[in-house]
J.: 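My questions will all concern the structure given below.
Being a predicted model, the structure only gives us computed values, none of them experimental. Just so it is clear: chains get the letters A, B, ... in the order the sequence lines come, proteins before strands, and each one is counted from 1.
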Amino acid sequence: MLPLTATARSAVTRGRLLKSCRLFNSKTSALSVAGAYQTHSPPMHDIPEIIGDRSPRVDISTNSGKLVILTDLFDRPTEGDEEVDAISSRNRYIRNRNHVASLMDALVTSGHLKRADIILPQAHEILSPEEFALVRNDFLQMFVKKDLEDHKSVSYSINWLQSSVDRFPGIPLDSKSYAIIIATACRMPDLLRGNEHISDLMKQYKKQGGLAKDILQHVELFTFRDARRVAMNLDIDEEDLPADFRTDGSRSASPEDAESMSGSVTEALSKMQQCEAQDILNRLPPDVFKSGFDSLTPVDSHGIKLLRSALKGVAASKRPQLPVYASNPDADASREDEGFLHLEEQLSLLPDEDQTKYRDAFESYNMDRQLALETLALESARERWKYDYEQMHARGEVRVKNINHYLWEWHTAMTEQLQEELKRIDLLLDYGTGKPSKSKTRGAPKSAVTPSDRARMRYGAYLKLVDPAKLSVITILELLKMHSSGGGGVTEGIRTTRAVLNLGRAIEMEYNSEQLLKSDVVQTGFRATKSMLHSVPEFKRSLAVAKRITEGKNLSSWRPEWPDDIKAEIGSTLISILMHVARITVSAVDPVTGQQVSAIAPAFTHTYQYTGGLKLGVLKLHRDFVNKISREPASAMLHPQQLPMLVKPKPWVGWNEGAYYYSKTALMRTKDSAEQTAYIKEACRRNDLESVYEGLDVLGSAAWIINTRVFEVLAKVWNTGEEFLEIPTRYEGDINFPLEPPKDADPAVRRDWARVCKLMIHERRTSHSQRCDVNYKLEISRAFLGERIFFPHNIDFRGRAYAIPPHLNHLGNDMCRGLLMFWEGKPLGERGLRWLKIHLANVCGYDKADFQSRVQYADDKIQEIFDSADCPLDGRRWWMQASDPWQCLAACFELADALRSPDPYAFRSRLPVHQDGTCNGLQHYAALGGDIEGARQVNLEPGDKPQDIYTHVASRVHDYVKQDAENGHEVAKILVGKVSRKVVKQSVMTNVYGVTYIGARAQILGQLKDTKQIDERDLWRCAAYLTTLVFKVVRNLFNGAHLIQDWLAECAKRISKSVPPTVHSDLKPNSSMTSVIWTTPLGLPVVQPYREIVRKQVGTNLQSVFISDPYAIHPVNSRKQVTAFPPNFIHSLDATHMLLSALACGRNGLTFAAVHDSYWTHAADIDRMNAILRDAFIKLHEGDLVAKLKEEFERRYAGYMQFIEIDNHSREAKRITEWRKELRTRLGRKVTVRDEIEEESNRKELLNSNDPIKRAEGAAMMTPLSIIGNTDIEELKMKRVYTTNGTRNAVKSTENESGEKTSEEIIRETLGIPDSVPTERQETASINDNLEASEETMEEHSLDDEVDEQETVEDTDSTAIGSNIKVLKMRGLGIFYPLTFPPVPPKGAFDVKTLRNSLYFFS
Amino acid sequence: MKLGEPGVLPNTWRGAIGKAHQRVNMVNYEKSEEILKYLKLNEDYNKNFELIDCYPGCGVWSRALHKHLEPKVHVMLESFDNYYSWNKDGYNRDLSASKVIQVDPYKWKVYNLLERYGAYKPEHVPFNQINKSLLYTGQFTTAQGGQLLSQFITCIAYRNWIQKFGRIRMLLWVRDTAAFRAVATPEEPSRGKLSALVSLFADIDVVAASDSNDFKRQDTKTGKFLERIPALRNAPIKFSVDDTFMKGPLVLLDVKPKEQREWESEISAHEMEYVLRNLFITPKMQLRTSINTLGAGAREYFESRLGHLYDKTTHQLTPDEFVEIFQEFKVWPYKPEHLFDLGEDDLDSRTKRDIIQFI
DNA sequence: CCAATATCTATTGATATAAGTAATAGAGAATAT
DNA sequence: ATATTCTCTACCGACAATATCAATAGATATACA
């Protein structure tokens, strides 16, 4: 048992939240990848305290001896495979531990014990003994419960128990197994028989060597009374009883009390919880409203109402919503929406006592509502559908059904269908097997079990875990959500694979939440017990129970993730059922009669697309329904999972403990990588992530509120259905396709026509998606209007933080950001007002001037600002021209309010003000490299005004262009005066991410095209030319950065091609298993997940889907490892910087939010935040991070072998070759990588032995390494040979038409037709004419220019850096050599501390 | 003179050929003559016709064809430098009334231009008879051959491209991998969309094929269809790998477009493609099931009209039955709003804007 | 009860699918010679 | 072992080709009305 984590947390007051969370302690399950990690302890780097005196020490030293190094990741799959093979069962669909464990869980939980019993042997073979013991006990518990129910006895269970010993040798029954039965035996009506059983079992257990008291140790199973009975029955000494069952004098529980506790503890406690809830309900309002907060009343305290109105569920007093947004909510509603905020504002007028009281009540109230939000949202959606349905029927309006009407119909039909399905599953699971049927044919009987029935037996148990009505609601909501959020790369509809997997996952989540809730009941029960049963020993016991259950939960109920194929089967089953029942009325024009006809059609269709000749399954929603969606508000289509929270998120305490209270959320968004998961779990287990947790908690505890005024403007605009900023027009009706070309039109014409049509479809679909997205955002905003909301955060695998709720969060686009502001207001003060103005200038895009100018900018525009604030839509709409219009509008509101308030400095501002890193990636690079020039360019160095790197690069590039132009460079001439900031910006930015020449050129091409200043025919050459220049300039400017980038890449290359010292399977020569892993200064292990993707086909109800087995470990994709490492490393640093800043801000009482490299806080606190974030950056970079990284690599990959090539003409190479030949003859077979490495490790073992003879033996042994001996490996390594001019392209590309002549030229020439253009050219009049014409002119032009180009390109070498120097690669002899890393590039003279005074570092 | 022997074509070509190295060529003149005799082409095409000859390559087939039929116009379209000059200035320099043009017959535009500049001027002949004023041949023996074959067939369905002049017969050299898809009949394993289209719009014959024995022993997959597909195995004329340059499996297909039938005027080939494409996604499923891929509610709607076909699998459907389905589909009120296959639309914003502007 | 066998099923691996290739260029990996 | 061809081309949030068939391995019932 580990000590409780998170206890040493800082002063952040979490009140009861924290208390309850501690119970959710994280334990790495015994089943996770075993952590045979090595711990070295190099000297600790003494890191001085960070930021502010109130800050406790945060250890940001990377290498302080706490690396998580997991070495046995690769062993397991191999063993597992063997095990699976050993099973050799036809029912091999049970593939892995996860599968069998989850299946057992499902079968047991759903009560299909017979089937579970059949599966059990397989579990026995696949699972480890510990795992199996847990699974068996789970089974036993359910079995004995049934036994008691059915036979009023436990004798069957005892029989089963006995046989179990023989059936599963090697896995003795543990104390819990006995405890389970004994505890149940206590409840047998026949007390005597019960006692017999108890003593028999006890005897047996003792015979097995167990102690009686161990049995009673399982306090969660026994009631107080039963425990006493057992003890009495067996003459167990009082002292041997667990403390919980001792009578220590204070016992006062009446028999009734005790009786009420019998039966399942959980049930009883849940009863109590209800009491408590009732109690809260009764007690709360008077408490809350005592001080005259009557306006709170409309939002009653029973969370559900809020939930309903929030999710537009049934509010009995309200008329159903019109299918448009009320753009100006009526006064009442408005009051209601703003209720909490107004109250909060007036709070300061009250005595402290009342304030505290109010706050407590408010938290408690929100806690309840959060519970409701997380647990009842599905019902709420359903209620809403039902309500709409009934309303329409009551009014007789059934001709045109609205969405909710349909959804209700589907839901009811689907639920019914599902129940049928579940009945069938029941039958199959209970009787489907072991019932021999007869047949006349030889061989296996033609059983009545169809293939689909067999499938049912696979997934049925899982399906039974969630209530059918819930299944149906989830299915509908999930599909609608996926439909609107873009189907995963398909233009129309949803990828089937995505749909089935997501849906399967959603069901699993629901099940897990329910289970969690059940166990949570115990906790809340505990709270109730505390208040109600103070002196009863039962209380103590329940405390122990609660503790045991919550602690044990992680251990005993290893709730394994459902395998993907199961998810797919469940998802596809549900979808097929929905597809079967979901119907809508559609109408169309009969092409023959011309009449309007209508019919009932399925709402969903399953079709396919071909992409590149490969099939792709797609689910489509009927277009009539799609139209409905874009017309009607998203109302009850909101997916209730992962909404913003009403209370502070549960603090993070483990790899899946944090954020929401009633569902598990992963701390890290992993990419289905077992490796990543293993590392993060291990790091959590070792409490390495306290700082990360705390940082995320700070981000999560920022309270937000919807900016009502922005919301109103948005809603108004939305309702017009017109295009507005990024909101596209609402299209309805069919797309107006261009006329199909005549049948005999040229294939090219036809192709172009099809392209145009497809594009129009694409456009339409995109704008629909966008509108849906806005719709969702609006709907969420609307639901939470006036509420204090929180965004729980988690991290990606590099540590960057993201808000979990999708659609609406502050990381979203301009609109999302405009809609959100801080809940808490802080008086601006003088500085705050200034920052507010600067912020306004920033969001207008005026962010490249110095601060004073930005302030001036805001002052100058003050009339516009007022106008925008006063009449956002009816005025001059100045805000709309801003680069971030919605945020600008919000800023206008805020600034106008502030300035107009009697005392602007006292104005309580809620608007988050941003400080953005100026090219943050380069900032980190510059700091890493101590690169003075680079540091200046990205404002690490103090300056009077901000440096804009993009402008700078553009001007340097332009200098070159001018110079070349003067020298007669034709392309340069074209470009003079046309190299703008915008043209180079993207490429400079992406340079940090390792953009290639080709990629950058494409970007520049696009930008050039946009300027429209350059002739089409020159675009390519210009882009190519500019790209080389941009690369050159950037490399010069950030030389230090590039050295580091190269160093990082080189390390990644070596690592990803290295092999661990112990190779367990023969590798293909080029496949390596080592991914790049490093630890951020905050202790987060980052594992690059890039591996070869291996997917298999899995059949489902709809189609077969192609999914990967996430538990298989595949060779790394070393290319991806290499190219992604530099950016990932930098991102892991910027994430660290952000979390450090968050930590410090949190501890200093600032509200803090961040979008990676944009940090937000109240205007008034910007100065403090600026100091904090600078300090954090300095602390981060004070140590030599690159050197530390190298150290870490050297430790982490100690003993790894890298594949290098040495000069095969060297003496050593020749000897190695001979040695290999020798080895080959010795082994009598081909030498593998493994052989060679084994030889080497043998040698090492001998050398390290204590036995001198062995040592001598080792010394005498020959391996490639011993051959190389002390020779400098760098000398032996193949050198890159640079030669001028590659011959590569000389031979290539002769297949093209000769020269650059157009086909037309050639044809004319060959046919001897004069150049005069014939006049009969107009003959093909169609949409093609334009196309063709333009094509031709283009080609003619390029022909004209061709001569020039050849000349100019040849003799301008000023720009062609290295373009005709090719690396000639020669193959050497490959050997394995201990992995080493190149020396880190020398660090420049820049002192990172100087940035403390840099105003524009973040600005 | 026999090509393909060392020395006749310089070995250096191999390395220098680039993509053209994939092109397998018929280089046995006698064999070519044998094929031509078997085809009895001279009954239909004698002197007074034009010949479009794509990728003559080594030029042996072209030469044999030319000598055998003596077309009044012989247009050779050869994009690859070496092959081009080989034909123009070398091996085929003496052919009368012939032009070697260095353009890529892969490109549709080329045909427009050739027509515009009068490289060939075929007569328009009604669709009730084969147009004997034009013959189309070529060696489409790269990996793209299959694509071209498929598109040529589609062109027959649309009666566009050269097929707009009438029913133009085509002698197409393709690889076995391309040929076998086109020649399958209902219920044959390789029956698919292409062969369905072929059987609707053309009579196709395997005239000659490589001898499958030449490819048997190789562990590579090359040429295995020669063995597996009866139509190829039983080709009237067999030739050996030694008859080819670049030694690969080769099949000569004789494609004769069918006459235009009445239903063709009602049904857009676009719709036919859609129906075929979707039905052949699940070739072994009954129409009852597969018809649902045609659009929402298809099964229910067509039950009364096509129910008699519902038990058949797509794989079993005959051309006539397809026509029946086309015709019903044509008048289906609830057909999808468009019939495009939206796959492969990685249209970036630039192209998008261009095209939008164009509209 | 066993043995042998016929028959059935699940699993796995292989193969085909569609159908314009609009361009660019250089390194690294994979495959063929 | 060396040469040629094939592939991919910026990071993260946000993963996904499918139908069909042949071969094979494993399970299970068989001789009755």
Side-chain angles (χ1 to χ4, degrees), chain A residues 88-93 436 438-447 451 454 485-486 488-489 495-498 501 564 608-617 669 671-672 747-748 751 796-798 800 802 811 921 989-1003 1005 1020-1021 1023-1024 1070 1093 1095-1097 1099 1103-1108 1110 1118-1119 1122-1124 1126-1128 1130-1131 1156 1208 1286 1288-1289 1335 1338 1363 1366-1367 1369 1371 1373, chain B residues 15 104 106-108 144 146-151 154 177 181 189-190 192-194 221 277 280-285 341 343-344 351:
Chain A
S88 67
S89 146
R90 189 175 90 188
N91 295 328
R92 263 246 291 273
Y93 63 85
K438 290 165 187 173
S439 160
K440 306 208 168 80
T441 54
R442 270 178 86 82
K446 270 223 159 48
S447 61
R454 257 178 223 103
S485 62
R495 280 190 177 194
T496 315
T497 313
R498 198 172 92 99
L501 285 178
D564 271 2
Y608 298 83
Q609 274 181 7
Y610 275 107
T611 37
L614 302 179
K615 301 181 190 84
L616 188 69
R669 308 177 182 206
K671 299 202 147 197
D672 259 10
R751 187 192 63 206
D796 69 16
F797 72 88
R798 305 158 308 167
R800 278 193 160 192
Y802 299 84
L811 283 85
M989 205 155 54
T990 52
N991 202 280
V992 183
Y993 304 131
V995 74
T996 58
Y997 168 78
I998 280 281
R1001 194 186 51 194
Q1003 296 166 354
L1005 182 80
W1020 268 98
R1021 278 177 298 154
N1070 287 327
I1093 31 171
R1095 277 184 255 276
K1096 293 189 299 189
Q1097 272 180 271
Q1103 60 170 67
S1104 80
V1105 292
F1106 202 48
I1107 52 183
S1108 62
S1118 69
R1119 186 181 180 144
V1122 172
T1123 56
N1128 282 341
I1130 295 300
H1131 282 158
H1156 309 316
N1208 49 7
R1288 240 169 122 164
N1289 293 336
E1335 208 176 338
M1338 217 171 89
S1363 67
K1366 310 263 156 136
V1367 180
K1369 217 185 148 198
R1371 264 285 158 81
L1373 180 73
Chain B
D104 194 340
Y106 175 84
K107 295 176 178 165
W108 299 121
Q144 283 97 336
Q147 180 194 6
L148 285 166
L149 176 61
S150 160
Q151 283 166 348
T154 312
T177 49
R181 289 171 236 272
S190 52
K193 186 187 153 213
L194 177 60
K221 304 166 204 165
R277 186 173 67 229
F280 271 108
I281 284 171
T282 53
K284 295 299 169 72
M285 286 190 189
D341 187 0
E344 232 170 334
T351 4

J.: Looking at A:R1095, I'd like to know whether one of its side-chain N or O atoms comes within less than 4.0 Å of OP1 or OP2 on D:dA17.
T.: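 Answer is yes, contact under 4.0 Å.
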J.: Checking only heavy atoms, does the side chain of A:Q1003 share a donor-acceptor pair with the base of D:dA10 at less than 3.5 Å?
T.: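 Result: at least one qualifying N/O pair found.
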J.: With rounding to whole Å, what would you report as the distance between C:dT15 and C:dA32 at their P atoms?
T.: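 Taking atom P in both C:dT15 and C:dA32, they lie 14 Å apart.
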J.: Tell me which nucleotide among D:dG13, D:dA16, D:dA19 gets nearest to the side chain of A:K671.
T.: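 From the listed options, D:dG13 comes nearest.
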J.: What integer number of Å spans the P atoms of C:dG26 and D:dA10?
T.: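 Per the computed distance, 16 Å lies between those P atoms.
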J.: Taking pairing as Watson-Crick or G-U wobble with both contacts under 3.5 Å, can you name the mate of C:dA23, or confirm there isn't one?
T.: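 Because no pair has both required distances under 3.5 Å, C:dA23 counts as unpaired.
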J.: Between C:dA18 and D:dA14, how far apart are the two P atoms, rounded to whole Å?
T.: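 Between the two P atoms, the distance is 35 Å.
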J.: Students often mix this up, so state it plainly: with edges at 30° and 60°, are the rings of A:Y993 and A:H1131 parallel, tilted or perpendicular?
T.: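 Aromatic pair A:Y993/A:H1131 classed tilted.
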J.: Is there a Watson-Crick or G-U wobble partner for D:dA29 with both distances under 3.5 Å, and if so, which one is it?
T.: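 Base-paired to C:dT5.
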J.: Can you check the distance between C:dT5 and D:dA31, where both ends of the measurement are the C1' atom (answer in whole Å)?
T.: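 That atom pair is separated by 13 Å.
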J.: Does A:T497 put a side-chain nitrogen or oxygen below 4.0 Å from OP1 or OP2 of D:dT18?
T.: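 It does, given that an N or O in the side chain of A:T497 lies less than 4.0 Å from OP1 or OP2 of D:dT18.
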J.: With a 3.5 Å cut-off and heavy atoms only, can you find an N or O donor on one side and an acceptor on the other between the side chain of A:D672 and the base of D:dC15?
T.: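 Under the 3.5 Å cut-off, the side chain and the base do form a donor-acceptor pair.
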J.: Which part of the nucleic acid does A:V992 contact within heavy-atom distance under 4.0 Å: base, sugar-phosphate only, or nothing?
T.: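 No contact.
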J.: Select from A:Q1097 and A:R800 the residue whose nearest nucleotide in DNA chain D is closer to the 5' end of that strand.
T.: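 The residue whose closest nucleotide sits nearer the 5' end is A:R800.
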J.: Checking all strands, does A:P1126 fall into the base, sugar-phosphate, or nothing category for heavy-atom contacts under 4.0 angstrom?
T.: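 Nothing: the residue A:P1126, judged by heavy atoms under 4.0 Å, touches no strand.
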J.: Within the structure, does a side-chain N or O atom of B:K107 lie under 4.0 Å from either OP1 or OP2 of C:dG20?
T.: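 False: B:K107 side-chain N/O out of range (4.0 Å or more) of C:dG20 OP1/OP2.
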J.: Go through C:dT24, C:dA18, D:dA14 for me and flag the one nearest to the B:K193 side chain.
T.: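 Of all the options, the side chain of B:K193 is nearest to C:dA18.
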J.: Would you give the length of the straight line joining atom CZ of A:R800 to atom CZ of A:R669, rounded to the nearest 0.5 angstrom?
T.: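 Here the interatomic distance stands at 12.5 Å.
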J.: Pairing check on D:dA22: which nucleotide meets the Watson-Crick or G-U wobble criteria with it, both distances under 3.5 Å?
T.: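 Pairing partner: C:dT12.
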J.: If you measure from CZ on A:R495 to CG on A:L501, what distance do you get to the nearest 0.5 Å?
T.: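 Answer for the CZ-CG pair, A:R495 versus A:L501, is 12.0 Å.
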J.: Using a heavy-atom cut-off of under 4.0 Å over every strand shown, decide if B:Y106 touches base, sugar-phosphate, or nothing.
T.: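 Base: the residue B:Y106, judged by heavy atoms under 4.0 Å, touches a nucleobase.
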J.: Under the criteria of a ring-centre distance below 5.5 Å and an interplanar angle below 30°, is A:Y802 stacked with the base of D:dG13?
T.: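 No, A:Y802 does not stack on the base of D:dG13.
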J.: What integer distance in Å separates A:L1005:CG from C:dA22:P?
T.: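 Interatomic distance, CG of A:L1005 to P of C:dA22: 16 Å.
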J.: May I ask which nucleotide in the shown strands pairs with D:dC15, Watson-Crick or G-U wobble, both distances under 3.5 Å?
T.: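 In the structure as shown, D:dC15 has no Watson-Crick or wobble partner.
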J.: Hey, does A:R1001 reach any base, or is it just sugar-phosphate, or nothing, if we go heavy atoms under 4.0 Å?
T.: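 Base, at least one base heavy atom under 4.0 Å.
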J.: Any side-chain N or O of A:T996 below 4.0 angstrom from OP1/OP2 of D:dA10?
T.: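 So the side chain of A:T996 is within the cut-off, an N or O lying under 4.0 Å from OP1 or OP2 of D:dA10.
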J.: In whole angstroms, how far is the P atom of C:dA19 from the CZ atom of B:R277?
T.: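 After rounding, the gap between these two atoms is 6 Å.
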J.: C:dA19, OP1 or OP2 - any side-chain N/O from B:Q151 closer than 4.0 Å?
T.: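 For C:dA19, neither OP1 nor OP2 has a side-chain N or O of B:Q151 closer than 4.0 Å.
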J.: Between atom NZ in A:K615 and atom C1' in C:dA16, what is the gap in whole Å?
T.: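 After rounding, the gap between these two atoms is 7 Å.
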J.: Output the single nucleotide from D:dC11, D:dA16, C:dA19 whose closest atom is nearest the side chain of A:H1131.
T.: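 Nearest listed nucleotide: D:dC11.
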J.: What is the distance from atom CG of A:D796 to atom OH of A:Y802, rounded to the nearest 0.5 Å?
T.: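 One gets 4.0 Å once the value is rounded to the nearest 0.5 Å.
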J.: Tell me which nucleotide among D:dC12, D:dT18, D:dA10 gets nearest to the side chain of A:Q1103.
T.: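 Looking only at side-chain atoms, A:Q1103 lies closest to D:dT18.
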J.: In whole angstroms, how far is the P atom of D:dA10 from the CZ atom of A:R798?
T.: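 To the nearest whole Å, that distance equals 16 Å.
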J.: Let me confirm one number: the CD-CD distance from A:Q1103 to A:Q1097, rounded to the nearest 0.5 Å.
T.: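 Spacing of CD (A:Q1103) from CD (A:Q1097) equals 10.0 Å.
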J.: Please give the distance between the C1' atoms of C:dA16 and D:dC15 as a whole number of Å.
T.: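 Between the two C1' atoms, the distance is 25 Å.
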J.: A:R1119 side chain: which of C:dA16, D:dT7, D:dC21 is closest?
T.: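 Comparing C:dA16, D:dT7, D:dC21 against the side chain of A:R1119, the answer is D:dT7.
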J.: Please compare A:S1118 and B:L148 by the position of their nearest nucleotide in DNA chain C and report the one closer to 5'.
T.: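 The residue whose closest nucleotide sits nearer the 5' end is B:L148.
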J.: Quick one: look up who D:dA10 pairs with, Watson-Crick or G-U, both distances under 3.5 Å, and put none if it's unpaired.
T.: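 Looking at the geometry, D:dA10 pairs with no nucleotide.
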J.: Tell me the interatomic distance from A:Y610, atom OH, to C:dA16, atom P, rounded to whole angstroms.
T.: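 It works out to 14 Å between those atoms.
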J.: Please give, in whole Å, the distance from D:dC12 C1' to A:M989 CE?
T.: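 Checked: the CE to C1' distance equals 13 Å.
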J.: Name the closest nucleotide to the A:Y993 side chain, picking from C:dT24, C:dG20, D:dA10.
T.: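 Of C:dT24, C:dG20, D:dA10, D:dA10 is nearest to the side chain of A:Y993.
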J.: Let's see if you can work this out: which of D:dT20, D:dA16, D:dC11 has an atom nearest to the side-chain heavy atoms of A:R495?
T.: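 Given the options D:dT20, D:dA16, D:dC11, the side chain of A:R495 is closest to D:dA16.
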J.: Please assess A:S1108 against A:I1093 for the test side chain to side chain contact (heavy atoms under 4.5 Å, CB included), listing each intermediate value before the final yes or no.
T.: CA-CA 7 Å; A:S1108 62; A:I1093 31 171; 5.6 Å; no
J.: Hey, could you give me the OG1/CG distance between A:T1123 and A:N1128, rounded to the nearest 0.5 Å?
T.: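 Answer rounded to 0.5 Å: 9.0 Å.
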J.: In whole Å, what separates the P atom of D:dC11 from that of C:dA29?
T.: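 Each nucleotide's P atom is 16 Å from the other's.
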J.: Take atom C1' in D:dG13 and the same atom in D:dA17, then report the distance between them in whole Å.
T.: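 After rounding to an integer number of Å, I get 25 Å for this pair.
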J.: Answer yes or no for this row: A:Y997 ring on C:dG26 base, centroids under 5.5 Å, planes under 30°.
T.: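 No, A:Y997 does not stack on the base of C:dG26.
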J.: Between C:dG20, D:dT18, D:dT9, which nucleotide has the shortest distance from any of its atoms to the side chain of A:I998?
T.: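 Comparing C:dG20, D:dT18, D:dT9 against the side chain of A:I998, the answer is D:dT9.
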J.: The side chain of B:D341 lies closest to which of these nucleotides: D:dC11, C:dA19, D:dT20?
T.: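 Per side-chain heavy atoms of B:D341, the pick is C:dA19.
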J.: In Å and rounded to the nearest 0.5 Å, what is the CD to OH distance from B:Q151 to B:Y106?
T.: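 These two atoms lie 6.0 Å from each other.
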J.: Under the side chain to side chain contact (heavy atoms under 4.5 Å, CB included) rule, what do A:T496 and A:Y608 come out as? Steps first, then yes or no, please.
T.: CA-CA 9 Å; A:T496 315; A:Y608 298 83; over 6 Å; no
J.: To the nearest Å, give me how far apart CE (B:M285) and P (D:dA19) are.
T.: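 Rounding to the nearest Å, CE of B:M285 and P of D:dA19 are 6 Å apart.
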J.: Of the nucleotides D:dC11, D:dT18, C:dA19, which one has an atom closest to the side chain of A:S1104?
T.: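 The answer is D:dT18, which lies nearest to the side chain.
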J.: Calculate the interatomic distance between A:K1096 atom NZ and D:dA19 atom C1'; express it in whole Å.
T.: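 These atoms are roughly 18 Å apart.
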